[in-house]
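Chain letters run A, B, ... following the sequence lines, proteins first and then strands; every chain starts at 1.
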Amino acid sequence: MNSSDPSESTNPPSNERGGEFRKKGFKVFGLDLQDFIKFFFSGNASLAIVILILICVFLAREAALFFPDHHKGLKAYRQSGQELVDFVGEEVNAFTALYSSSNIAYYAELNESSLEQDNLLAAYRSVLSLVKNETSRVRDRLEDKLDDLEDAQDDLVDAREDLAKLDPVNDSEKVEKLKGKIEKYTKEIESLKPDIAVLEPELKKESEAILNNSLTWKFDNSDLKLTKTQIKNFREAVLYAVPNAEGEHPYIEELKKVSAAKKSVAAEKLVDFKATVTGLRDSAKEVKSLHSEMKKIASLAKREAEKFETAPGRRAALLAGAKLEKDPEAKARKIERAEAVMVEEPDFAALTKPLYDKIPEHEKLARKFEKEVEVLASQLPRKVSTKSATANLKEARKAQKRFESTVKSSLDKIDDWRHDKAYSIVGSISAFIFGRDWVTNSSWHDFYGLLPLFTGSFMISIIALVVAVPFAVSAAIYVNQLAPVKEQNFVKPAIEFIEAIPSVVLGFFGIFVLGTALRNLSQVPWLEWVPGFPMSERLTILNAGLLLAFMAMPTIFTLAEDALNNVPKAFSENSLALGASKLQTVLQVVFPTALSGIIAAALLGFGRIIGETMVVLLVAGNKIKIPDFSEGLGVVAQPAHTMTGIIAQELGEVDNGSLHWRALFMVGMVLFFISLLVNFSAQKILQRFQKI
Amino acid sequence: MKKTFALLTAVALAAGSAVAEDKIVIKGSDTLGAKMVPQLAEAYKAAGNTVSFEIAAEGSSTAFTTLLSGTGDIGMSSRNIKDSEVESFTAKGQEIKDWTAAFDMIGVIVNEKSGLENLTLKQVEGIFTGDITDWSEVGGQAGPISVYTRNTSSGTYKSFQGMAMAKRDYGSDTQKMAGNEQIAEEVAKNPNGIGYVGLAYTEKDGIKAVKVDGVELKPKNAKEYPIARSLHYYTIDGKLSAAAEKFLKWATTADEAGEVVERVGFIAPN
């Protein structure tokens, strides 16, 4: 700074840091400005570390407290006998799957008979809905007016009735009032009429315009071809039904009647099938009613267990309340109430005794149930005419096998079950990590199983990576190695700009644009071979994965580009000098050298997307269930829930310090570890890369 | 001396009460606080009462935390108070008072294109618990049912469970949406969708409310319709300011208040 000053330059070199560049005279406590700046920055850095440690400690403490609480909850689940009841519940659920499939098969056969009419009716409803949507502006206005008119007319009738009841002499005041009201209503009705007179033809005109162009009519069943008379009838029926009509147009009534008649004819032929299905339903009655009886007993025991769990708190609350009371009498009463709170552990042996007593009955009923189901399932028809019925009957037979094995395993489990068998800590940990149910705010029992959330998060991230990596890496190679400078200067900032889009905006885009577009695309007939198509949902794993791929792209692109940049120039120059083409150099020299950096980029991209919350919360569909992998790749068309999504969705209203609260922290902890692991491995890979 | 003192106290009291009467703070459920209570407040002011309102709708649970901390006069809730919440009031030596604010009917909605008109309560239970998975089982056109519900922090999630599902748990195939509007939006777009929303949301295009047990979803059927619940105001006994009490009495009994309540799609308590 002042080295140019000749008088200073002659000074002997100083021993202090900074030497002669140091300004003099700014010292406080022996520290000058530079020291202060240094301490300021190092202070900031250490503050960040302290905060990080505090966050970790807080997370770890809440999460660590989760397992003892979770263990307690599971212990209560066993002690109260709910576990036992759920073994019976498993039988009932396995049966429901079997019954449901055979029932669907029956209806598929029955509905086949009136398919023509039902398709026409469905088509009519589609056209009606189309017309209603397209004319919604006029229609809403007209419907409002019509509602007002109806209200005014009703009021008028009421007022006239009231008036007739009154005695004109004694209640003259009331009579005057009513007459005023009648006048008001009459005026209102008159004032509404002109508007309606304008709006009605307008609506009719608009509806006709849409109806005239029958080519725009969209049907979910695209094979349907309408005849000319049918089109004409549809027109009339729709015009009749808009805006609001009493009953249906005669043509539609007729269709419905024919459909019902055909069904009743078909039902006569299918009477055996129906009897089997009804027989199946009835066979479950006894076990079901036993199940609900047992459920009541266990619920009672569970309530006692909960009461005991919260008793100290309640007692303390009552005593604290009593302390505040000034009136001695009321105080004594409150203390008495506090003393009455049970703090003794309930006698679970006595509470669960009725459940133990039910076990022999259950065994008898379950065996009978199993036999009946076996007989009935064998009576299900082998040959059916529709595809859907065939598939569902096949499913029913599979379900029957599953039902049999469920009954067997349930009976074994029930035999082994003791309400006072210890619940191991390992058991409660694995119940969290490998649990298949996440059920909260339940009136029965809350389950905290991570697996469905983990699979959801993981699948969405994998899809995002599979889509993002090829795009981002090839973009990086192109921009870094092949693109002219002008293009580089445009493409690079453009890709990096994606990061600036708020994730909630992307979420809305996902719901309204991408979701709708994907579903419409999936309904194109010649794309039916694509796994998962046609999709019925808009909010799916695929939708969320694609959006996250978009979000991860800038991260992967930037890091991959850096990795390519770090490849020494000499490598590519040597390769070119030896006669390799530009493309050969890029693909066989530069890319392999940068590979570890690119892998690290992909990993960091993964870390970026697994922690993303807003998009998955809005777009993934929030279904807490492990996706059904039996559909193969089509699994991506299903909705799922995620670890980040569940925290955002449920943390808002849970009580501080409750088990549910801690479970959400534990999920956060798992996310934290995944991020840590991903970052750590990325660093390791990068270190290897830098050694070349 | 005594006179001046008395005068000063009187002035202070008057000032104090004037300030207290000026403002009524109402917090809690968004079912109530989104439309109904703000409109009631407007109507109340329009009826010639000089008060000001502060209304915050952040979920039923906040009704009780606000009352507990003494930062609000009235709590709005779409569910009954929980035992644990009653306890925390007991601990402070306070008794809570419950006012019926209105009745709300929850509509079961399906896509407009669905031919379904009626469901029994048993069928509703079956659909939402996952026992029934195909429309053909309840008399509709064949197709897998997509079930949309509110999420667990919602009061409606819990009350629907109590009223329509015999307290059983939701099936694992249900999709949890953030609000009424989102459910209506998805059902309107999905021909196989079903969901539930408050009465006020059933007017949306593309959806229709089915009859439950043969009863149509209309305010005049509130008594027969099986999926209806009451909405509440909660206050602390003895701590309610005169202005707030007057407002509550008006809101729960006056005819004009009843009209406002029905206009936003609920049923008046009287």
Among [options], who wins on heavy-atom pairs under 4.5 Å with chain A?
options: B:Ile132, B:Asp173, B:Asp131, B:Asp134; value: B:Asp173
options: B:Lys189, B:Gln94, B:Lys167, B:Met177; value: B:Lys189
options: B:Gln175, B:Gln161, B:Lys158; value: B:Gln175

Structural part of [X] lying under 4.5 Å from a heavy atom of chain A:
X: B:Ser146; answer: both
X: B:Glu137; answer: both
X: B:Phe89; answer: neither
X: B:Glu203; answer: neither

Could you have a look at [options] and say which one has the most heavy-atom pairs with chain B under 4.5 angstrom?
options: A:Ser443, A:Ala320, A:Ala97, A:Ala316; answer: A:Ser443
options: A:Leu618, A:Thr516, A:Leu539; answer: A:Leu539
options: A:Ser388, A:Ser136, A:Ser442; answer: A:Ser442

>> Check this for me: does any side-chain nitrogen of one of B:Asp205 and A:Arg139 sit under 4.0 Å from a carboxylate oxygen of the other?
In response: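 Yes, this pair counts.
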> Is B:Lys204 salt-bridged to B:Glu185, cutoff N-O under 4.0 Å?
Replying inline: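 Answer for the salt bridge query: yes.
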Could you work out, with side-chain hydrogen bond (donor to acceptor under 3.5 Å, both in side chains) as the rule, every residue matching [X], not counting sequence neighbours?
X: B:His232; result: B:Asn80, B:Asp98
X: B:Glu85; result: B:Arg79
X: A:Glu109; result: A:Ser385, A:Thr386

> What's the verdict on side-chain contact (heavy atoms from CB on, under 4.5 Å) for B:Ile96 and B:Ile81, showing C-alpha distance, side-chain angles and the deciding distance?
Replying inline: CA-CA 9 Å; B:Ile96 199 116; B:Ile81 187 168; 4.1 Å; yes
>> Measuring only between side-chain heavy atoms, which start at C-beta, is B:Val110 closer than 4.5 Å to B:Trp135?
In response: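 Heavy-atom side-chain distance check passes, below 4.5 Å.
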>> As a quick check of understanding, evaluate side-chain contact (heavy atoms from CB on, under 4.5 Å) for B:Thr129 and B:Asp169, giving each step before the final call.
In response: CA-CA 6 Å; B:Thr129 54; B:Asp169 284 324; over 6 Å; no
> Can a donor-acceptor pair be found between the side chains of A:Ser114 and A:Asp118 at a distance below 3.5 Å?
Replying inline: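 Note: A:Ser114 and A:Asp118 side chains meet the donor-acceptor criterion.
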> Under the criterion salt bridge (Lys or Arg N to Asp or Glu O under 4.0 Å), which of A:Lys623, A:Arg519, A:Arg538 is the partner of B:Glu186?
Replying inline: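 For B:Glu186, the salt bridge (Lys or Arg N to Asp or Glu O under 4.0 Å) check succeeds only for A:Arg538.
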So which part of [X] gets closer than 4.5 Å to some heavy atom of chain B, the side chain, the backbone, both or neither?
X: A:Ile511; value: side chain
X: A:Ile104; value: both
X: A:Phe447; value: neither

>> Evaluate B:Asp237 against B:Lys97 for salt bridge (charged side-chain N to carboxylate O under 4.0 Å, His left out), listing each step before the verdict.
In response: CA-CA 6 Å; B:Asp237 245 6; B:Lys97 188 174 177 195; 5.2 Å; no
> Could you go step by step and tell me if B:Phe160 and B:Tyr170 meet the side-chain contact (heavy atoms from CB on, under 4.5 Å) rule?
Replying inline: CA-CA 10 Å; B:Phe160 188 80; B:Tyr170 286 87; 3.8 Å; yes
> Does anything in residues 114-128 of chain B get under 4.5 Å of chain A by heavy atoms, and if so which residues?
Replying inline: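 Residues in range: B:Ser114, B:Gly115.
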